[in-house]
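Below: the structure, in structure tokens.
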Amino acid sequence: MLRLYLVAALVLLFPLTLRAESYPVGVVSGISGSAQSVRILRGQESLSPEVGMLIFQGDRITVTAPETTVTVDLSVRAEQLAINKDSAQQYGLIYVKAEQPTVISNIMHWFASMGVRKQSQQVMLVTRGQAPALVVPVFRPHEQAVTAGPQDWPVIWHGGAAPYSVRLIHSQNADALIQKTNLAQPSVVLEGVNPTPGNYVLEVQGGGRKAVQSLVVVAKSALPGMPKEIQDLKATEKLKALLYVTWLSGQDNGKWVFEAMLQASQLSQAYPPAGSLLRSLQEAAE
């Protein structure tokens with residue numbers, strides 16, 4: 001189940017602004033052709049869709065240009081819904097008859113709220129003669145867990161000053177498992193990271209500033225399992241994976257945020273909506 005603090009946050013974010021019948025039932029998973037010719041009519045609003053946008057019960061999707069298709073992943077459909085100019089009249093009105101668990105609606109709202117969070121700006125602490133504070137948004141004051149196994153680790157930060165360096169070290173002997181130096185931009189992909197279970201420290205440095213994150217690498221069996229509410233959805237496997245990663249990012253007071261970012265990065269390669277979640281985790285200020 002979602003943690004109480006997450007549910008409370010969702011209540012604050014989405015109080016009484018939605019009618020009972022107007023709840024999220026899907027996600028825009030792709031737009032091909034002329035995006036400007038696609039509109040989502042929601043009540044009195046006419047919205048311009050983008051990949052990763054939530055679709056609500058009662059939305060009407062219109063397409064005015066030929067050879068333009070909007071794909072939608074619904075929480076009650078095991079395949080994507082493709083809507084174009086010819087089929088919009090028949091399939092454009094989104095109306096899901098099956099009852100949706102509240103947990104799923106909450107996770108979808110949480111996914112949408114992440115996109116809002118990423119627009120906030122981290123206030124950089126500047127001391128005279130020094131570079132701004134170096135901040136890695138996915139870093140947390142407490143230890144984070146990440147699963148073992150080879151994968152690429154994308155890391156983005158703010159502040160400090162080039163040249164930057166990034167390294168992953170063993171917490172006991174400070175031996176570097178992987179290291180990147182003389183980086184001109186505040187981002188890097190650590191390729192093929194393959195730590196064995198144990199304790200590590202991820203460091204980012206630049207301009208006399210440093211940010212560190214304690215990591216514990218655990219077996220995949222230690223990863224929180226997918227909630228039954230997500231497992232039971234008659235939805236595409238990719239949408240289920242997106243909902244799971246969103247849910248995972250809010251578990252155990254942020255313990256799995258870094259792992260959620262890695263999973264969102266991998267999922268985004270085949271499923272564009274996950275890119276929105278990835279950017280949110282990478283860029284959002286606390």
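Glu259 and Thr147 are linked by a side-chain donor-acceptor pair at a separation below 3.5 angstrom, with hydrogens and angles left out of the test.
Under the 4.5 Å side-chain heavy-atom criterion for grouping Ile, Leu, Val, Met, Phe, Trp and Tyr, Val38 is not connected to Leu41 through any hydrophobic cluster. In terms of hydrophobic clustering, with Ile, Leu, Val, Met, Phe, Trp and Tyr side chains grouped at heavy-atom distances under 4.5 Å, Leu47 and Val63 are assigned to a common cluster. Leu74 and Tyr91 fall within a single hydrophobic cluster, where Ile, Leu, Val, Met, Phe, Trp and Tyr are joined by side-chain heavy atoms under 4.5 Å apart, directly or via other members. Cluster membership for Val51 and Ile61, using ILVMFWY side-chain heavy atoms within less than 4.5 angstrom, is not shared. The hydrophobic cluster containing Leu281 also contains Leu190, counting ILVMFWY residues as joined when their side-chain heavy atoms lie under 4.5 angstrom apart, directly or transitively.
Counting non-hydrogen atoms of neighbouring residues, nucleotides and ligands closer than 6.0 angstrom, the CD atom of Gln100 exceeds 12 such neighbours. By the neighbour-count criterion of 12 heavy atoms within 6.0 Å, atom CD of Glu143 is densely surrounded, having more than that number from other residues, nucleotides or ligands. Other residues, nucleotides and ligands contribute more than 12 heavy atoms inside 6.0 Å of the CD atom of Gln179. Around the CD atom of Gln231, the shell of radius 6.0 Å holds more than 12 heavy atoms that belong to other residues, nucleotides or ligands. No more than 12 heavy atoms of other residues, nucleotides or ligands shown are found within 6.0 angstrom of CD on Gln172.
For Ala148 against Pro195, the heavy-atom pair with the smallest separation is CB-O, 3.8 Å. A pairwise comparison of heavy atoms in His142 and Gly254 identifies CE1-C, 4.0 Å as the closest pair. The nearest pair of heavy atoms linking Val27 to Pro273 is CG1-CB, 4.1 Å. Heavy-atom minimum distance, Ser249 versus Val257: O-CG2, 3.5 Å. The two residues Gly149 and Asn194 have their closest heavy-atom pair at C-OD1, 3.4 Å. Pairing each heavy atom of Asp59 with each of Leu54, the nearest pair is OD2-O, 4.5 Å.
Of the possible polar contacts, one joining the Ser29 side chain to the Thr71 backbone as a donor-acceptor pair under 3.5 Å is found. Within the 3.5 Å criterion, the main-chain N or O of Leu233 finds a donor-acceptor partner in the side chain of Lys240. The backbone N or O of Asn199 lies less than 3.5 Å from a partner atom in the side chain of Ser171, making a donor-acceptor pair. With hydrogens and angles disregarded, no donor-acceptor distance shorter than 3.5 Å links the side chain of Ser265 to the backbone of Leu262. Remark: side-chain polar atoms of Gln80 are not paired, donor with acceptor, to backbone N or O of Gly30 under 3.5 angstrom.
Taken from CD1 in Ile55 to CD1 in Ile94, the straight-line distance is 6.5 Å, to the nearest 0.5 Å. Residue Leu168 holds its CG atom at 7.0 Å from CG of Leu215, rounded to the nearest 0.5 Å. In this structure, CG on Leu183 lies 7.5 Å from OG on Ser165, to the nearest 0.5 angstrom. In this structure, OG in Ser48 is found 5.0 Å from CZ in Arg39, a value given to the nearest 0.5 Å. If you take OG on Ser75 and CD on Glu229, they are separated by 13.0 Å, rounding to the nearest 0.5 Å. To the nearest 0.5 angstrom, Gln144 atom CD is 11.5 Å from Asn253 atom CG.
Proximity of Val155 to Trp157: side-chain heavy atoms (C-beta onward) are separated by under 4.5 Å at one or more points. Side-chain contact between Ile31 and Pro49 is present, with at least one heavy-atom pair separated by less than 4.5 Å. Counting only heavy atoms from C-beta outward, the side chains of Pro197 and Val216 never approach each other to under 4.5 Å. Under the 4.5 Å side-chain criterion, counting only non-hydrogen atoms from C-beta, Phe139 is in contact with Leu202. When side chains are defined from C-beta on, Leu248 counts as touching Pro224, because their heavy atoms get closer than 4.5 Å. Within the 4.5 Å cutoff, no side-chain heavy atoms of Glu283 are placed close to those of Pro137. Trp256 is listed as a side-chain neighbour of Leu223, based on a closest heavy-atom distance under 4.5 Å. Taking 4.5 Å as the limit, some side-chain heavy atom of Tyr164 sits within range of a side-chain heavy atom of Leu134.
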Do Gln213 and Val201 pass the side chain to side chain contact (heavy atoms under 4.5 Å, CB included) test, and can you show the C-alpha distance, the side-chain angles, and the key distance before you say yes or no? CA-CA 6 Å; Gln213 175 65 58; Val201 175; over 6 Å; no
When you look at Thr196 and Val217, which way does the side chain to side chain contact (heavy atoms under 4.5 Å, CB included) test go after all the steps? CA-CA 7 Å; Thr196 56; Val217 176; over 6 Å; no
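Residue pairs meeting the salt bridge (charged side-chain N to carboxylate O under 4.0 Å, His left out) criterion with at least one member in residues 24-38, sequence neighbours excluded, do not occur.
Aromatic ring centres of Trp153 and Phe258 lie closer together than 6.0 Å.
Among the candidates Thr246, Val245, Leu239, the single residue satisfying the side chain to side chain contact (heavy atoms under 4.5 Å, CB included) test with Leu243 is Leu239.
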